[in-house]
Amino acid sequence: MKLGCGCSPNGEKLTDIINITKENIKYLPGIKLGHNVVADPDLEHAVEDANMLVFVTPHQFIEGICKRLVGKIKGDVEAINNCMIKGMEVKKGGPCMISSLINKQLGVNYCVLMGANIGDEIAMEKFSEATIGYREDKEVAQRWVQIFGTPYFRVSAVRDIEGVELCGTLKNVVAIAAGFVDGLEMGNNAKAAIMRIGLNEMKAFSKLMFPSVCDNTFLEGCGIADLITTCLGGRNTKVADSFARSGGKRSFHELETELLQGQKLQGVKTTGEVYEVLCQRGWQQSFPLFRTVHVICTGHLPPSSITQQRLDEN
Ligand code: 13P
């Protein structure tokens with residue numbers, strides 16, 4: 001298994017350190033990676049003979065990565081957009097999910113994997129579950145289930161690729177709202193209310209975007225479970241908590257740099273992407289939580305407005 005990555009803490013190449021110690025000292029210190037993991041700083045070389053590709057990068061980098069891969073991968077490759085890529089690209093012609101973007105640029109057979117998957121816990125082999133979303137090809141989805149599934153990582157497949165991907169994407173907006181509530185010390189009742197309202201907006205938004213999205217998907221690991229874990233222990237909630245404690249005076253960018261040791265936050269970017277879709281389609285009034293989170297993130301309202309707006313208009 002080859003890992004494409006090129007970060008370098010303290011001047012040393014992270015890929016060299018991983019290959020020698022079998023440990024990613026920057027992002028997963030103390031966890032031994034499998035003996036068959038090879039880190040390759042050369043993306044084109046890493047994918048050369050691959051027949052299955054797993055994309056696991058913050059969604060802001062995916063378009064550039066795909067451009068570099070055009071013409072470099074085998075014709076019959078299968079790909080999966082793994083649970084770290086939770087976002088969308090909004091173009092003039094409308095929104096594009098990350099897996100569609102990968103498919104459009106590379107023409108590969110793709111699925112998505114999303115779930116309540118805080119990385120450190122999975123690395124420590126604590127129990128969690130995930131959902132694979134597929135379009136038509138159940139056999140391909142089953143291959144991914146077999147590859148990822150272990151007794152402590154339970155994977156199931158559902159035929160609702162857009163629903164699964166939108167769950168993972170939109171819950172990051174709700175997680176930002178939950179972080180505001182934490183930072184303002186508003187209590188568990190308020191946080192639960194935000195999560196409930198957020199789940200409703202996730203469902204309504206997904207079904208408006210893709211009428212084929214199934215209600216049941218929101219009860220899978222990719223839905224309610226991911227929403228809960230992210231709002232309890234995710235990075236979006238953590239950074240939004242600090243943002244609220246600063247009264248909105250410190251920027252998300254500054255807090256991300258301070259709190260995440262080089263990792264990238266997805267939720268704030270997604271909040272802007274979702275807001276763009278609301279504006280493009282005239283849906284602002286139907287999504288008061290999504291709208292308010294964006295307005296707070298951009299500094300036009302204080303974090304305390306999170307529960308001062310009418311959030312029950314749906
Ligand atoms: P964060 O990016 O907020 O840490 O999200 C965690 C997550 O997606 C868990 O599934």
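Atoms within a ligand are numbered from 1 in the order they appear, just like the ligands themselves. Excluded from the calculations below are hydrogen atoms, water molecules and symmetry mates; all remaining heavy atoms, backbone and side chain alike, are included. Treat the numbers as computed from the prediction; the structure is a model and nothing was measured.
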Any side-chain donor paired with an acceptor under 3.5 Å for T298 and H300?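 Note: T298 and H300 side chains meet the donor-acceptor criterion.
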Residues T217 and D160: side-chain donor-acceptor under 3.5 angstrom: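 There is such a pair (donor and acceptor under 3.5 Å, judged by atom type) between the side chains of T217 and D160.
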Might you work through the salt bridge (Lys or Arg N to Asp or Glu O under 4.0 Å) test for E256 and R235, ending with a clear yes or no? CA-CA 9 Å; E256 174 190 72; R235 292 161 297 186; over 6 Å; no
Using distance alone, decide if ligand 1 has a nitrogen or oxygen within less than 3.5 Å of any nitrogen or oxygen in [X].
X: G115; result: yes
X: D226; result: yes
X: N117; result: yes
X: T237; result: no

Taking atom NZ of K74 as the centre, report whether more than 12 heavy atoms of other residues, nucleotides or ligands fall under 6.0 Å from it.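 Buried by this count: over 12 neighbours within 6.0 Å.
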Could you check whether any heavy atom of M114 sits closer than 4.0 Å to an atom of ligand 1, since that is the contact criterion I want to use?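 Checking ligand 1 against M114, which is what was asked, there is no heavy-atom contact under 4.0 Å.
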Kindly assign one of parallel, tilted or perpendicular to the pair F290 and F287, based on the angle between their ring planes and the thresholds 30° and 60°.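 Parallel.
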Which of parallel (below 30°), tilted (30 to 60°) and perpendicular (above 60°) describes F243 and F180?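 Rings of F243 and F180: tilted, 30 to 60°.
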Show which atoms of ligand 1 fall inside a sub-4.0 Å distance from at least one heavy-atom site of K171.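 So the atoms of ligand 1 that pass are 5 (O), 7 (C), 8 (O).
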Answer with side chain, backbone, both or neither: which part of N236 has a heavy atom less than 4.0 angstrom from an atom of ligand 1?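 The answer is both, backbone and side chain.
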Nearest non-hydrogen contact with atom 1 (P) of ligand 1 belongs to which option: R235, K264, K238?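 Ranked by closest heavy atom to atom 1 (P) of ligand 1, first place is R235.
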